[in-house]
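Only a predicted model underlies this, so the values are computations on that prediction, with no experimental measurement involved. The analysis underlying the following values was restricted to heavy atoms, covering all of them including side chains, and did not include hydrogens, waters or symmetry mates.
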Amino acid sequence: MPNEFAYKIFGHEYDVILAISDLSLVGKSFEEGDLQISVSKDFYCDKECNRDEALKLIKDATIINVVGKRIITLMLKENIIDK
C-alpha cells in the first residue's frame, strides 16, 4: 500500500500530538479571506505512512492536527470525526 500521508508526532506532558496531512499538500500554502495555512514540511512531514498506519497513529494520539481531503475523508469513514 503506497504512502498517502505525511505526519509528525509531538509529545507534550501527557499528550501525544499528531500532525498529519495528505502527502500531496506538504510544502503548499492556502488562503481564503483572512484565513491562511501553510502545510510546512517541518511541522507535518517527519515521516510518511499509508492508510492503515495512519489509522493506528490517529487512534494512539490524544490531540490531532489534520489537513487534507484524503485524511479527513478517512477519518469520517472510520467514524473518528463527525462531519
On a heavy-atom basis, which atom in Lys69 and which in Thr73 lie closest, and how many Å separate them?
O-OG1, 2.7 Å
Are side-chain heavy atoms of Leu18 and Ile58 found at a separation under 4.5 Å?
yes
Residue pair Ala54 / Leu74: nearest heavy atoms and the distance that separates them:
CB-CD2, 4.4 Å
Treating Ile, Leu, Val, Met, Phe, Trp and Tyr as nodes and any side-chain heavy-atom pair under 4.5 angstrom as an edge, say whether Leu57 and Ile72 lie in one connected cluster.
yes
Any chance you could measure His12, atom NE2, to Ile17, atom CD1, to the nearest 0.5 Å?
6.5 Å
Using atom types as modelled and distance alone, determine if a side-chain donor or acceptor of Asp22 lies under 3.5 Å from a backbone N or O of Glu4.
no
Minimum-distance pair of heavy atoms, taken over all atoms of Val26 and Lys41
CG1-CA, 3.8 Å
Applying the side-chain contact (heavy atoms from CB on, under 4.5 Å) criterion to Tyr44, which one of Val67, Leu25, Leu23 satisfies it?
Val67
Strictly distance-based, threshold 3.5 Å: is any side-chain N or O of Ser38 a donor or acceptor partner for the main-chain N or O of Ser29?
no
Report whether Ile63 and Ile37 are members of the same hydrophobic cluster (ILVMFWY, side-chain heavy atoms less than 4.5 Å apart, transitive linking).
yes
Applying a strict under-4.5 Å side-chain criterion to I, L, V, M, F, W and Y, I'd like to know whether Phe5 and Val16 cluster together.
yes
In terms of heavy-atom contacts, Ile20 and Ile64 come closest through CG2-CG2, 4.2 Å
What are the two closest non-hydrogen atoms of Glu48 and Glu53, and how far apart are they?
O-OE1, 4.4 Å
Using the rule that Ile, Leu, Val, Met, Phe, Trp and Tyr join whenever any side-chain heavy atoms are under 4.5 Å apart, tell me whether Phe10 and Val39 fall into a single cluster.
yes
Is it the case that one hydrophobic cluster holds both Leu55 and Val66, taking links as side-chain heavy atoms less than 4.5 Å apart, direct or via other members?
yes
Between the OG atom in Ser24 and the CZ atom in Arg70, the distance rounded to the nearest 0.5 Å is 5.5 Å
